[in-house]
Amino acid sequence: MARQTGIIKLKGTIGDISFYKSSDGHLARIKGGPDANRIANDPAFQRTRENGSEFGRAGKGGKVIRNAIRVLLQNAKDKKVVSRLTKTLVAITKTDPVNERGSRTIQDGDMGLLSNFEFNTNGKLGATLFAPFDVAFDRVTGDASLSLAPFAPTIRIAAPAGATHFKIVTGAAELDFPNEASVFESDETGILPYDAADTAAIDLTVTVTPNSLLPVIQVVGVEFYQEVNGQMYPLKNGAYNALMVATVDTV
């Protein structure tokens, strides 16, 4: 892969070189490689098929997670969240000690590697919210909770320029990777002023299926707003909102 420079940017194919535009700019690459039939049947490409199978499984798993938390994710994500999440899930798949290579799964791997995953690198929770918080998940009841003691927002939250208000959000997702399904619930505070006065104590709770045997993740986030003439507007369309995986719980 090469980057195109110069005034005129090409798009299309010339000979064996393909020119295209991506989020990384205008690029060019040489066409080629073995054909699909050879990859699918040649014993020499057994490892390629195994890797492809597990990569595909990780891709579908990432979609399950993104669809599950979509209500919160649509307000707090970066342009590369899909590829970053897939990379993490591939790493989780590789830790599966049960299944053979090529058949390893996310749910049988070490899903703890998903802990602290940031969905928006432009606004990481770890660099935004400095108020201590506690999260807990009770598998018997299905309750996922988030608690914060009173804190001064201007001291404990690193807000982007222009923010006048914020809210704390949380959600829990029960993930059924084999069936590409999920159960999700979320909760949030009201929109709070970004000032020096202490907030009230914050206690949020959501409930998924009691006694579930599926993996459950809990996410925690901060969303920012700007008040204009008495109306609240998402700050820069949520470009600096934070959302992170705070809890991963498996049976």
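Values in this document were obtained by computation on a predicted structure and should not be read as measured data.
With hydrogens and angles ignored, the 3.5 Å screen pairs a side-chain donor or acceptor of D78 with a backbone N or O of T121. For the pair E118 (side chain) and G126 (backbone), a donor-acceptor distance under 3.5 Å is present. Under a 3.5 Å cut-off, the side chain of D96 and the backbone N or O of T105 do form a donor-acceptor pair. Without hydrogens or angle criteria, S182 side chain to A173 main chain gives no donor-acceptor distance under 3.5 Å. Without hydrogens or angle criteria, Q226 side chain to G162 main chain gives a donor-acceptor distance under 3.5 Å.
The closest side-chain heavy-atom distance from E227 to P193 is not below 4.5 Å. Between L125 and V222 there is a side-chain heavy-atom pair separated by less than 4.5 Å. With a 4.5 Å cut-off on side-chain heavy atoms, V81 and R84 count as touching. Between I157 and T128 there is a side-chain heavy-atom pair separated by less than 4.5 Å. Taking 4.5 Å as the limit, every side-chain heavy atom of M244 sits out of range of all side-chain heavy atoms of V220. Side-chain contact check for D187 versus V169: every heavy-atom pair is 4.5 Å or farther apart. Looking at heavy atoms from C-beta onward, T199 lies out of side-chain contact with I168 at the 4.5 angstrom threshold. Under the 4.5 Å side-chain criterion, counting only non-hydrogen atoms from C-beta, L235 is in contact with P160.
Among residue pairs with one or both ends in residues 60-70, none qualify as salt bridge (charged side-chain N to carboxylate O under 4.0 Å, His left out); sequence neighbours excluded. Applying the ring-ring contact (aromatic ring centres under 6.0 Å, His included) definition to pairs two or more places apart or across chains, none involves residues 202-241.
A pairwise comparison of heavy atoms in A181 and V64 identifies O-CG1, 3.7 Å as the closest pair. For the pair P210 and V140, the tightest heavy-atom approach, listed with the atom from each and the gap, is CB-O, 3.2 Å. Contact detail for A131 and L148: the closest heavy-atom pair is CB-CD2, 4.1 Å. The two atoms that bring E223 and N75 nearest to each other are OE2-ND2, 3.6 Å, heavy atoms only. Among all heavy-atom pairs drawn from G190 and K167, the shortest one is O-CB, 3.3 Å. Heavy atoms only, all atoms of each residue included: D203 and S147 are closest at OD1-OG, 2.9 Å.
Here the CG-CG distance, from L85 to L114, works out to 6.5 Å after rounding to the nearest 0.5 Å. One finds the CE atom of M232 at 5.5 Å from the OG1 atom of T164 (value rounded to the nearest 0.5 Å). Distance check: L243 CG to N120 CG gives 8.5 Å after rounding to the nearest 0.5 Å. Separating the CZ atom in R156 from the CZ atom in F133 is a distance of 13.0 Å, to the nearest 0.5 Å. Separating the OG1 atom in T154 from the CG atom in D195 is a distance of 7.0 Å, to the nearest 0.5 Å. One finds the CD atom of Q107 at 9.0 Å from the CG atom of L214 (value rounded to the nearest 0.5 Å).
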Would I65 and V245 count as a side-chain contact (heavy atoms from CB on, under 4.5 Å) if you check the C-alpha gap in whole Å, the side-chain angles of each, and the deciding distance to 0.1 Å?
-> CA-CA 11 Å; I65 293 174; V245 176; over 6 Å; no

Kindly determine whether F184 and L175 satisfy side-chain contact (heavy atoms from CB on, under 4.5 Å), including the steps that lead there.
-> CA-CA 9 Å; F184 176 76; L175 305 169; over 6 Å; no

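Residues satisfying the salt bridge (Lys or Arg N to Asp or Glu O under 4.0 Å) criterion with D110, sequence neighbours excluded, are absent altogether. For T250, the side-chain hydrogen bond (donor to acceptor under 3.5 Å, both in side chains) test picks out no residue, with sequence neighbours left out. Applying the salt bridge (Lys or Arg N to Asp or Glu O under 4.0 Å) test to R104 and every residue at least two apart in sequence or in another chain returns E54. With sequence neighbours excluded, the residues that form a ring pair (Phe, Tyr, Trp, His ring centres under 6.0 Å) with F119 are F117.
The aromatic rings of F166 and Y194 sit perpendicular, their planes meeting at an angle over 60°, well past the 30° parallel limit.
The residue from I106, N99, T88 that alone fulfils the side-chain contact (heavy atoms from CB on, under 4.5 Å) condition with T93 is I106.
For the residue pair T170 / Q218, a side-chain donor-acceptor distance below 3.5 Å is found, with atom types taken as modelled.
Note on I69 and L113: same hydrophobic cluster, where clusters join Ile, Leu, Val, Met, Phe, Trp and Tyr whose side-chain heavy atoms are under 4.5 Å apart, directly or indirectly. Under a hydrophobic-cluster definition in which Ile, Leu, Val, Met, Phe, Trp and Tyr are linked whenever side-chain heavy atoms come within less than 4.5 Å, directly or via other members, V219 and F177 are assigned to the same cluster. Clustering ILVMFWY residues whenever any of their side-chain heavy atoms sit less than 4.5 angstrom apart, transitively, puts V135 in the very cluster that holds L129. Under a hydrophobic clustering in which Ile, Leu, Val, Met, Phe, Trp and Tyr are joined whenever their side-chain heavy atoms come within less than 4.5 Å, directly or via other members, I217 and V82 fall into the same cluster.
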